[in-house]
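Below is one structure; the comments refer to it alone.
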Amino acid sequence: MSPELRKELVAWLKWAEGDAVDGKSYSRYHGLCTAVHESVYEELLNLFAKQGLDNSYPFGVKNYERRTINDTQHQDPARLKWVREQLGLDTDETIGQ
């Protein structure tokens with residue numbers, strides 16, 4: 001993983017597990033693909049594909065649609081777990097400020 005993508009995922013995770021104010025940095029309505037900067041977008045898609053995940057809906061279409069309606073993309077356990085795994089973090093490990 002490039003340092004740039006890592007930085008994007010760290011920032012998103014801090015937001016998602018912190019105040020998650022909608023529109024401040026990210027949106028609770030959107031998933032990871034919209035959250036990352038376009039310079040690392042293709043790298044994110046390739047990472048999904050390399051892990052056998054759908055690059056459009058890596059955590060499932062129905063899950064995405066339900067969470068979009070409820071503005072809870074940032075609370076998706078599968079999404080949070082995946083990001084933590086990519087960053088090498090344990091489930092209960094806090095990310096540095």
Side-chain angles (χ1 to χ4, degrees):
M1 174 186 316
S2 72
E4 293 82 10
L5 180 55
R6 181 174 182 77
K7 181 180 175 184
E8 294 278 336
L9 293 178
V10 165
W12 180 86
L13 187 61
K14 284 181 183 179
W15 171 83
E17 293 182 339
D19 62 4
V21 173
D22 203 20
K24 183 176 177 183
S25 301
Y26 304 103
S27 170
R28 295 176 297 200
Y29 177 85
H30 296 292
L32 289 172
C33 291
T34 306
V36 300
H37 190 272
E38 66 182 56
S39 64
V40 295
Y41 176 76
E42 288 298 323
E43 182 182 358
L44 179 65
L45 296 184
N46 290 335
L47 195 54
F48 288 148
K50 200 181 289 186
Q51 295 178 15
L53 299 170
D54 183 286
N55 63 8
S56 294
Y57 300 100
F59 309 107
V61 175
K62 289 182 182 179
N63 178 47
Y64 183 87
E65 290 171 348
R66 183 175 53 252
R67 291 190 173 283
T68 295
I69 291 168
N70 296 317
D71 286 340
T72 59
Q73 297 292 356
H74 67 293
Q75 295 174 335
D76 178 12
R79 183 175 279 105
L80 291 165
K81 180 178 184 262
W82 185 87
V83 170
R84 290 183 146 282
E85 287 173 352
Q86 304 319 298
L87 297 174
L89 298 171
D90 292 330
T91 306
D92 57 352
E93 188 176 350
T94 58
I95 192 148
Q97 300 298 324

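Worth knowing before you read on, the calculation uses all heavy atoms, side chains too, and leaves out hydrogens, waters and symmetry mates.
Within the 3.5 Å criterion, the main-chain N or O of H37 finds a donor-acceptor partner in the side chain of E8. The backbone N or O of V21 lies less than 3.5 Å from a partner atom in the side chain of W15, making a donor-acceptor pair. Between the side chain of R6 and the backbone N or O of M1, no donor-acceptor pair lies under 3.5 Å.
Q73 pairs with exactly one of N63, T34, T68 by the side-chain hydrogen bond (donor to acceptor under 3.5 Å, both in side chains) rule, that one being T68.
The two atoms that bring R79 and Y64 nearest to each other are NH2-CD1, 4.1 Å, heavy atoms only. Contact between L45 and N55 at its shortest, heavy atoms only, is CD2-O, 3.3 Å. The minimum heavy-atom distance linking H74 with A20 is given by the pair CD2-CB, 3.5 Å. Across V83 and L9, no two heavy atoms sit closer than the pair CG1-O, 3.9 Å. The heavy-atom pair separating D90 from R84 by the smallest distance is O-NH1, 2.6 Å.
In the hydrophobic clustering of ILVMFWY residues, with side-chain heavy atoms under 4.5 Å counting as a link, Y57 and L44 come out apart.
When only modelled atom types and interatomic distance are considered, Q86 and Q51 share a side-chain donor-acceptor pair under 3.5 Å.
The line from CZ of F48 to CD of E43 is 11.5 Å long, rounded to the nearest 0.5 Å. Considering CG of N70 and CZ of R28, their distance stands at 11.5 Å, rounded to 0.5 Å. From L47, atom CG reaches atom CG of L53 across 8.5 Å, with rounding to the nearest 0.5 Å. Summarising the geometry, atom CG belonging to L32 is positioned 9.5 Å from atom CG belonging to L13; distances are rounded to the nearest 0.5 Å. Distance check, rounded to the nearest 0.5 Å: SG of C33 to CD of E38 gives 13.5 Å.
Ring pair W82/F59 is perpendicular by interplanar angle, where above 60° counts as perpendicular and below 30° as parallel.
The closest side-chain heavy-atom distance from W12 to V36 is not below 4.5 Å.
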